[in-house]
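See below for the structure under consideration.
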Protein chains: 2
Amino acid sequence: MARQSYHHGDLRKAFLDAAVEVIGESGTGAMSLRELARRAGVSHAASQHHFGDKAGLLTAVACQGYELLAEALRQAGDELLDVGVAYVDFAVTHRAHFEVMFQPGLYHADAPEVRAARERAGLALAGGLARMPARRGPASPHAPVAAWSIVHGFATLWLAGALPEGLGDDPGAAARPVIELLFDHGDRNGSGGGG
Amino acid sequence: MARQSYHHGDLRKAFLDAAVEVIGESGTGAMSLRELARRAGVSHAASQHHFGDKAGLLTAVACQGYELLAEALRQAGDELLDVGVAYVDFAVTHRAHFEVMFQPGLYHADAPEVRAARERAGLALAGGLARMPARRGPASPHAPVAAWSIVHGFATLWLAGALPEGLGDDPGAAARPVIELLFDHGDRNGSGGGG
DNA sequence: CCCCCATCTTTCCCGTGGAAAGTTACTACA
DNA sequence: TGTAGTAACTTTCCACGGGAAAGATGGGGG
């Protein structure tokens with residue numbers, strides 16, 4: 001039942017979904033509460049009750065983003081490589097969430113809900129990284145940061161349209177050999193063009 | 001004597017500097033043309049003549065950013081590692097420029113001046129990368145993207161405050177061992193055996 | 001000397017975020 | 001069943017921001 005009366009039913013979700021949609025299309029800068037309200041068919045001030053202010057809405061977006069990321073990483077399996085690819089895939093398929101998550105200035109980054117969700121995502125990421133060193137000698141303490149950096153950098157550059165042409169349409173597939181380079185370096189002669 | 005009359009003298013520079021300052025302090029979202037005008041002591045519409053609109057101003061910021069980045073990379077020397085560290089240093093010491101540069105939605109990313117400046121920065125970066133493969137066997141075609149990704153990712157995560165504590169105060173120094181991991185991987189027994 | 005034009009100002013309009021107070025309708029409780 | 005309480009939403013108001021349009025200013029070239 002949509003709603004024909006005063007109460008919307010699930011305005012919170014409606015706002016959240018609309019925000020993700022608008023941000024995904026036009027970026028965070030183009031998102032206005034009034035536009036979201038228009039899409040939901042409610043007054044522009046309706047969001048105040050659910051989110052407080054605009055930063056509150058974006059806090060919810062970031063929160064949801066961390067949950068979704070944790071989920072995606074967990075489902076990626078045990079291979080570090082797959083976890084890395086999943087990270088890139090997440091960034092591209094959820095660019096709105098991703099964009100918000102890593103712009104702490106946009107939302108209440110210190111809110112307890114966000115901290116908790118971020119913690120869970122961090123554990124999921126670390127879970128993938130934990131399997132990494134076993135494959136290839138003793139681990140460097142810098143390996144986790146290196147792995148996170150390379151996948152995050154790839155994703156960010158891809159989203160910004162900064163990477164050179166010719167990498168294809170599938171960011172995950174394009175990222176795989178790049179990530180491989182971080183860990184299979186001594187194995188070069190053996191690792192061919194694993195397609 | 002700065003100016004006491006109608007003409008400011010170098011309003012363009014004044015706006016540009018003020019923009020960089022404000023963005024560096026509070027992010028792109030907090031920057032308003034009116035605030036910059038206030039700081040420069042001119043009317044809020046004065047910027048129109050010099051930049052057209054807000055995106056025009058940010059275009060100039062991005063442009064200047066690419067120039068500065070190219071300069072910084074060129075001065076970093078011939079070692080790939082140093083170039084990578086310089087990239088991270090640039091991002092942190094010029095966070096306003098960096099933030100704008102990689103948010104193409106904020107400015108006219110296709111403007112010829114920007115394309116040219118970006119091209120120059122790309123060449124400076126590639127120049128550093130060109131020296132890399134010689135140190136360690138045949139180069140992977142993915143190496144440049146991997147190198148760019150890891151330094152860009154590290155810088156972005158650092159700026160977002162997402163990296164774990166304990167990396168110290170100097171992002172360049174913190175980045176060095178991380179970048180090293182990308183290329184000195186097979187050399188592990190020889191390189192310092194931390195951990 | 002005077003006109004031209006680059007530079008800056010004034011004024012106006014619309015969109016946005018948020019505060020405050022009012023309205024509606026669901027729910028608990030007797 | 002009826003009513004009080006409260007959650008959910010609306011209305012109204014304000015200050016701010018970007019941008020368009022037209023006016024003011026003053027330096028420089030003819």
Side-chain angles (χ1 to χ4, degrees), chain A residues 1-23 25-62 96 100 103 105-109 111, chain B residues 1-23 25-62 96 100 103 105-109 111:
Chain A
M1 253 350 203
R3 55 88 69 145
Q4 55 273 32
S5 58
Y6 217 81
H7 288 66
H8 180 281
D10 206 348
L11 228 201
R12 188 187 159 88
K13 181 177 182 328
F15 261 92
L16 217 44
D17 291 352
V20 168
E21 188 179 338
V22 171
I23 296 173
E25 290 166 357
S26 320
T28 56
M31 189 216 72
S32 78
L33 295 180
R34 287 175 123 99
E35 169 64 20
L36 304 187
R38 254 172 254 133
R39 295 195 179 204
V42 297
S43 83
H44 85 275
S47 67
Q48 275 185 297
H49 177 75
H50 295 279
F51 301 103
D53 58 358
K54 192 175 186 178
L57 205 186
L58 292 176
T59 301
V61 171
V100 173
Q103 278 189 294
L106 291 180
Y107 62 103
H108 306 309
Chain B
M1 262 325 159
R3 53 82 74 138
Q4 56 272 40
S5 61
Y6 218 80
H7 288 67
H8 179 280
D10 206 349
L11 228 201
R12 188 187 159 87
K13 182 177 182 325
F15 261 91
L16 217 43
D17 292 350
V20 169
E21 189 179 338
V22 172
I23 296 172
E25 290 167 357
S26 321
T28 56
M31 189 215 70
S32 78
L33 296 180
R34 287 174 124 99
E35 169 63 20
L36 304 187
R38 254 172 254 134
R39 295 195 180 204
V42 297
S43 84
H44 84 275
S47 66
Q48 274 185 296
H49 178 75
H50 295 279
F51 301 102
D53 57 359
K54 193 175 186 178
L57 204 185
L58 292 175
T59 301
V61 171
V100 173
Q103 278 188 295
L106 290 180
Y107 62 102
H108 306 308

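Values below: every heavy atom of this structure, side chains too, minus hydrogens, waters and symmetry copies. Note on naming: letters A, B, ... go to the chains in the order of the sequence lines (proteins, then strands), and numbering restarts at 1 for each one.
- Residue H49(B) has no polar side-chain atom (N or O) positioned under 4.0 Å from OP1 or OP2 of dA6(C).
- For the pair L58(A) CG and dG17(C) P, the computed distance is 10 Å after rounding to whole Å.
- When heavy atoms are screened at a 4.0 angstrom cut-off, Q48(B) is found touching base atoms of the nucleic acid.
- Evaluation of the side-chain hydrogen bond (donor to acceptor under 3.5 Å, both in side chains) rule for E25(B) yields no partner, not counting sequence neighbours.
- Following rounding to the nearest Å, Y107(B) (OH) and dG18(D) (P) show an atom-to-atom distance of 19 Å.
- One interatomic measurement links the two molecules: CG of D53(B) to P of dG19(D), which rounds to 5 Å at whole-angstrom precision.
- Considering all non-hydrogen atoms of both residues, H108(B) and T59(B) come closest at N-OG1, 3.0 Å.
- Side-chain atoms of L11(A) lie closest to dC9(D) of the nucleotides dC9(D), dT16(C), dT10(C).
- As a whole-Å value, the separation of F51(A) CZ from dG17(C) C1' is 15 Å.
- Scanning both residues, F51(A) and A60(A), for their nearest heavy atoms gives CE2-CB, 3.8 Å.
- Atoms CG and CG, from L16(A) and L11(A) in turn, are 11.5 Å apart once rounded to the nearest 0.5 Å.
- Put simply, S32(B) has a side-chain N or O that comes within less than 4.0 Å of OP1 or OP2 on dG17(D).
- Between R38(B) and the phosphate of dG17(D), there is a side-chain N or O to OP1/OP2 separation shorter than 4.0 Å.
- With hydrogens and angles ignored, no donor-acceptor pair under 3.5 angstrom links the side chain of H44(A) to the base of dG17(C).
- Among pairs with a residue in residues 40-52 of chain A, none fulfils side chain to side chain donor-acceptor pair (under 3.5 Å), at least two apart in sequence or across chains.
- We find that CZ of F15(B) is positioned 10 Å from P of dG18(D), with the value rounded to whole Å.
- The separation between E35(A) atom CD and dG17(C) atom P is 10 Å, rounded to whole Å.
- Residue contacts for H50(B): at a heavy-atom cut-off of 4.0 Å it reaches the sugar-phosphate backbone alone, with no base atom in range.
- With rounding to whole Å, D10(B) atom CG is found 14 Å from dA6(C) atom C1'.
- Comparing atom distances between the A45(B) side chain and each of dA21(D), dC9(D), dC8(C) picks out dA21(D) as nearest.
- Rounded to whole angstrom, the span from the NZ atom of K54(A) across to the P atom of dT16(C) amounts to 9 Å.
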